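Right, one structure below, let's go through it.
Only a predicted model underlies this, so the values are computations on that prediction, with no experimental measurement involved.
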Amino acid sequence: MTEQRVSSRYADAILDTAKQDKLEDNVYEDFNYILNVINASKDFKTVLKSPIIYHWQKKNIFKDLFEEKISPLAFKFMLLLIDKKREALLDSIIKNYFAKYDELKNRLRVDVVSASDLD
């Protein structure tokens, strides 16, 4: 299965679960925070993709970084990804979640180019 297909399925699963509990906004905010951590730390990206680091070590790293800062649903989802050996897809899953969330909320992302600064 391709990375995109797998990421899309995991994003569907977490969005469906979040919608059942009316937590899709919370998960969106949590994923935004997690994506910022991924983008800010080259070392964290390396940990996600490293086959050398044991899964229990990755779980401990995730607990230290995220357990107190994100919702229990998002945290359990990340631990599930580690259990399924899909943590390397975390950024792709989050981006898929954002796209599905925007579709759910009828939002369209656009880039605005302007000759002068906008207020």
Side-chain angles (χ1 to χ4, degrees):
M1 218 182 292
T2 66
E3 176 182 323
Q4 180 60 30
R5 244 171 101 185
V6 172
S7 297
S8 180
R9 287 185 179 181
Y10 276 101
D12 282 336
I14 186 66
L15 183 60
D16 289 344
T17 304
K19 283 192 312 191
Q20 288 174 359
D21 298 334
K22 300 193 184 326
L23 294 173
E24 62 269 16
D25 296 332
N26 293 359
V27 172
Y28 181 89
E29 303 237 347
D30 293 339
F31 280 177
N32 198 25
Y33 173 74
I34 294 164
L35 192 60
N36 286 337
V37 171
I38 292 170
N39 291 333
S41 174
K42 190 174 183 178
D43 291 337
F44 187 65
K45 282 183 191 179
T46 304
V47 166
L48 287 174
K49 296 180 191 284
S50 176
I52 297 170
I53 299 173
Y54 293 109
H55 286 86
W56 63 268
Q57 290 172 313
K58 289 181 183 183
K59 281 186 175 184
N60 287 338
I61 291 167
F62 275 60
K63 284 179 186 176
D64 290 344
L65 289 175
F66 300 115
E67 189 171 27
E68 300 297 323
K69 296 181 178 153
I70 61 174
S71 68
L73 177 62
F75 183 70
K76 287 177 187 175
F77 178 73
M78 291 196 328
L79 295 181
L80 173 74
L81 292 178
I82 295 171
D83 288 339
K84 299 290 183 181
K85 298 181 172 103
R86 300 288 191 184
E87 66 276 3
L89 300 177
L90 183 58
D91 60 341
S92 177
I93 292 168
I94 290 172
K95 289 173 185 173
N96 272 284
Y97 181 89
F98 288 165
K100 292 171 188 303
Y101 178 87
D102 288 343
E103 186 178 320
L104 175 71
K105 299 294 184 178
N106 292 318
R107 294 198 295 185
L108 181 64
R109 292 184 184 255
V110 296
D111 290 324
V112 177
V113 178
S114 173
S116 60
D117 291 336
L118 301 175
D119 292 340

Looking at every non-hydrogen atom in both residues, tell me the closest pair between Glu24 and Ala18 and how far apart they are. OE1-O, 3.5 Å
Would you please classify the geometry between the Phe98 ring and the Tyr28 ring as parallel, tilted or perpendicular, with 30° and 60° separating the classes? tilted
Got a second to check how far Ile53's CD1 is from Leu48's CG, nearest 0.5 Å? 9.0 Å
Lys84 to Tyr10 - nearest heavy-atom pair and separation: CB-OH, 3.6 Å
Salt bridge or not for Asp25 and Lys105, using N-O below 4.0 Å? yes
Using a 6.0 Å cut-off, check whether atom CD of Glu67 has over 12 heavy atoms from anything other than its own residue. yes
Any side-chain heavy-atom pair from Lys63 and Phe75 closer than 4.5 angstrom? yes
Would you say the side chain of Leu73 lies within less than 4.5 Å of the side chain of Val27, judging by non-hydrogen atoms? yes
Side-chain heavy-atom pair Ser7, Arg86 within 4.5 angstrom cut-off: no
Minimum heavy-atom separation for Glu87 to Ile82, with atom names? OE1-CA, 3.4 Å
Just so I know, are the side chains of Asp91 and Asn39 near enough to count as touching, which here means a heavy-atom distance under 4.5 Å? no
When rounded to the nearest 0.5 angstrom, what is the spacing between CZ in Phe66 and CE in Met78? 4.5 Å
Determine all donor-acceptor pairs shorter than 3.5 Å in which one atom belongs to a side chain in residues 112-119; sequence neighbours excluded.
| residue | atom | partner | partner atom | Å |
| --- | --- | --- | --- | --- |
| Ser114 | OG | Ser116 | N | 3.2 |
| Ser114 | OG | Ser116 | O | 2.5 |

Output yes when a side-chain donor or acceptor of Asp30 lies under 3.5 Å from a complementary backbone atom of Ile70, and no otherwise. no
dist Ile93:CD1 -> Lys100:NZ (nearest 0.5 Å) comes out at 11.5 Å
Which atom names give the shortest non-hydrogen contact between Leu104 and Lys19, and what distance separates them? CD2-CD, 3.7 Å
Side-chain contact test, heavy atoms from C-beta onward, threshold under 4.5 Å: evaluate it for Asp83 versus His55 and give yes or no. no
Flag the pair Phe31 / Phe77 as yes when at least one side-chain heavy-atom distance between them is below 4.5 Å, and no otherwise. yes
To the nearest 0.5 Å, atom CG of Leu15 lies from atom CG of Leu23 at 11.5 Å
Is the number of heavy atoms from other residues, nucleotides or ligands under 6.0 Å of Gln57 CD greater than 12? yes
So, does Lys58 use its side chain to make a donor-acceptor pair with the main chain of Ser50 at under 3.5 Å? yes
Starting at CG of Leu35, measure out to OH of Tyr97 and round the result to the nearest 0.5 Å. 13.5 Å
Side chain to side chain donor-acceptor pair (under 3.5 Å) with Gln4: which residues, sequence neighbours excluded? Asn96
Please work out which of the three classes, parallel, tilted or perpendicular, describes the rings of Phe44 and Phe62, given edges at 30° and 60°. tilted
Atom pair CG (Asn60) and CG (Asp64), whose distance is rounded to the nearest 0.5 Å: 6.5 Å
